[in-house]
Structures are given as C-alpha cells and as structure tokens.
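Before any comments, here is the structure.
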Amino acid sequence: MLHNSKCSNLLLYGKTGTGKTATAKYVLQKFQFTAKTHNKKTNVAYSNARLAGSEYRVLTDLAQSLNIKIPFTGLPLSEVLNRILNKISEDSLMIIFIIDEIDYLTKHSSDDILYLLTRSSEQTNNGFLSLIGISNDLQFKEFLDPRVLSSLSEEEIVFPPYTVEQLREILSERAKEAFIENSITSASINLCAALAGTEHGDARRAVDLLRVAGELAEREGAKQVDENHVRLAIKKVDQDRVTEAIRLLPLHEKITLLSISLLNEINSTGEVYSKYVNLCKNIGIEPLTQRRISGLLNELDLLGLISTNIINKGRHGRTKKITSLVTNTIINTIINEDSMLNNLTKTV
DNA sequence: CCTCCACTGGAAACCTAGGCTC
DNA sequence: GAGCCTAGGTTTCCAGTGGAGG
C-alpha cells in the first residue's frame, strides 16, 4: 500500500479469544502510523457483522468511517456501495475494511455485498478497497460463494487456540501491569489459565477472569488474590455473559424466554407458544405467529440460552424439546428491568 | 406395514419505514 | 406530493417428517 498498489485481501480465522481482532487492529494502527510518516493517506474501517446485523448496516459502518452520510434505511445496497466507490475514486482513497464475524453474513443474509466488495476495485479508477475478513467459524469457507472465496482468501492466517502455558504467560504479563506486586499468587494465575484453557484457549476470557478475580478480592479487602477468588470469578463471568445476552434480546424473544421459564422443565413448541400468547395478551401487545416463534426459538438456541432438539413422539407428532439453560431467577431479574414487562413478572 | 400427529422449515407474499425522482 | 424503489421483519402457505399406535 505504501507503493500505492492494492494489497491482497486477507482472511483471518480461528476460535474466539485467539486474538484475531486485536491483532488486526494493532497491526493496522502501526501501519497507519507508518503511512502517516510517509505522507500517505490511508483509511481503516471496521465493522462487526453480527453487531451491525445486516448487509446494509455493514456498508453503513464503512460509509460512516469515510464521512459519507447514509440514511439508516431507504437506499438500495448497490447505491450505498456506489457512493462509497465514488468517494474512493474522487479522493483516491486507500482503504482497508475489516469485517469482523464475517461468517454472520453468509449465515443470516446473502453474501452479495461480499461479492460486490471483492469486485469493487474494478470499478474505481483511483484508490482501492482491500478487505480483511475475520471469522470464528472454521467451516464458514464452505458456505461462501467460490468466487468470493478465491478473492477474499488471497492470503489466509489461521489463529490456533492458545495453550494453557501460553495463557499463563499472557496472564503473568498482564498481572505485572495491573496488580500491586505480590498481590496475586502464581497459583491463582495458573488456575485462571487452566480454567480458560479448557474452554478452547480463549485469552479474552482468561483476562476477564483475572480482572474479575482481582475485583472480588479488592471488594472484600483481601491482601492477595487467591484461588477461591478465581473460582468465584468464573461463576460471575459466566453469569455476566448470560445476563448481558438476555438484556440485549428484542422484546418478543424476551417474552418467549420468559414463557419457557414459567413452564416446568421440558416444553414443546406448542406449549411455549400458548404461554407466550397469554403473556402478550396480558400486556396488550399483538403476539407473533407460531412460525415466527419457532424461528425465535432457533435464535435463542444459537445464543445458547436454551437448548432445543427435535423429538418424534410418534402418533403425538413431532416437536422441539426445549429446555432453558438459564435459571429462572436470572431471567426474572432481567425481565423486570424492562419497563414493558416488569408488571408481567409481578402478576405472574 | 400403514396412518397420522404436531410440528419443522423453506419459499413467497406482505408490511413498514424510509429515500429518490419528477 | 405522488409514485416508485429497497431492506428487513413478519405472516402465510404448505410440503415434509419419524415413529407410536393401530
């Protein structure tokens, strides 16, 4: 890029917490610094496909980082892309666009924009757009349009999971920065590493664990972070992840989840649905159809909040067996925070 | 071996909110 | 301002399904 030529697209993949995003951002930060010293104008844009939620919003993210104003709805995708490409041509911009969790696009919508983006350089006279795709899903390549794949994976880097030993080193380094000397035992660090290591070597989780353990120790005024704090921390970290996930659910998914928690043990789609309809009537909102709820149940399953598997009960038909993976108290507390739903839990 | 339940999940139609053009 | 277009969410429609009970 420093020689004004388009660089290869790049595909990074590996499990969560192996440092893909952090590495990409760090390297690009260094790169931009170098580019600046050479008086090159470069742009780095970032979008997380899962958080953005749709193709349109991924493109909006890109447009915004180029200071192009895009309405949040109303434009055809191709128009959004055209505006971006025009801007690139006009200002001869050199752009690296990171699409994080790119696998989300292929699973939840079509990968049309990936195709358009990879071909974009043919439509610009000056400037160019290079892509960095980041995927957690190792198999996502199989679902990708072969034309997109060959273009996107001009270069590939696989991030293997960290070993427990590597995690231990990362944590020791981190602890040196964050903790007062001797305030954390090496046994605690080892335990953090071991606990995070059993869950496919997720460094983000390991660092979280260390931080939470530290906070717990601090709160109770302990002089040292010991292994008990770590054990408490792992529970808290797990729980926080779940509560956050529930808090962000759209209204109808919250109601669906509440319905499941109000029924006992194992439920069928039909039972959950009639409970759900009841709750909706209770608070005076229009219930969605069963077909839609069936879809929402799949989404909750994907989020790991419930587990479903399809069972055949012979003459009694075929249904999903639905179990909640979250305790009712947690669901209740969080649903209570929702102003539309809090009198629902009261009446129940 | 056949039936038939209670769904599942794909496909297409429909709806809404918004932008663009004339 | 009318008439058109789009994306994204939802509804409508329906063929398909595996095995308990006949």
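Every chain is numbered from 1 and lettered A, B, ... according to where its sequence line falls, protein lines coming before strand lines. The structure displayed is predicted, hence computed values, not measured ones.
Among the protein residues, A:I311 comes within range of no part of the nucleic acid, since none of its heavy atoms lies under 4.0 Å from any strand. Counting non-hydrogen atoms under 4.0 angstrom, A:E79 reaches nothing in the nucleic acid.
Judged by distance alone, the side chain of A:K20 and the main-chain N or O of A:K15 form a donor-acceptor pair under 3.5 Å. Of the possible polar contacts, one joining the A:D226 side chain to the A:H229 backbone as a donor-acceptor pair under 3.5 Å is found.
Salt-bridge annotation for A:D238 and A:R205: present, with a side-chain N of the basic residue lying under 4.0 Å from a carboxylate O of the acidic one.
Separating the CZ atom of A:R291 from the P atom of C:dC13 is a distance of 14 Å, rounded to the nearest angstrom. Following rounding to the nearest Å, A:L251 (CG) and C:dG9 (P) show an atom-to-atom distance of 15 Å. For the pair A:H316 NE2 and C:dG21 C1', the interatomic distance rounds to 8 Å; values are reported in whole Å. One interatomic measurement links the two molecules: CG of A:L77 to P of C:dT6, which rounds to 11 Å at whole-angstrom precision. Nucleotide C:dG22 holds its P atom 7 Å from the CZ atom of A:R315, rounded to whole Å.
When only modelled atom types and interatomic distance are considered, A:Q290 and A:Y276 share no side-chain donor-acceptor pair under 3.5 Å.
Considering only side-chain N and O atoms, A:R292 lies nowhere under 4.0 angstrom from the phosphate OP1 or OP2 of C:dT11.
Taking CD of A:E299 as the start and OG of A:S294 as the end, the distance is 10.5 Å to the nearest 0.5 Å.
Position along DNA chain B of the nearest nucleotide to A:R83 versus A:K320 favours A:K320 as the more 5'-ward residue. Between A:G74 and A:K313, the residue anchored nearer the 5' end of DNA chain B, judged by the nucleotide with its closest heavy atom, is A:K313.
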Q: Check the pair A:E271, A:K275 against salt bridge (Lys or Arg N to Asp or Glu O under 4.0 Å), reporting the backbone distance first and the verdict last.
A: CA-CA 6 Å; A:E271 288 166 339; A:K275 186 86 206 172; over 6 Å; no
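Protein chain A contacts DNA chain B from B:dT3 to B:dC20, reading 5' to 3' and using non-hydrogen atoms of the protein with a distance under 4.0 Å.
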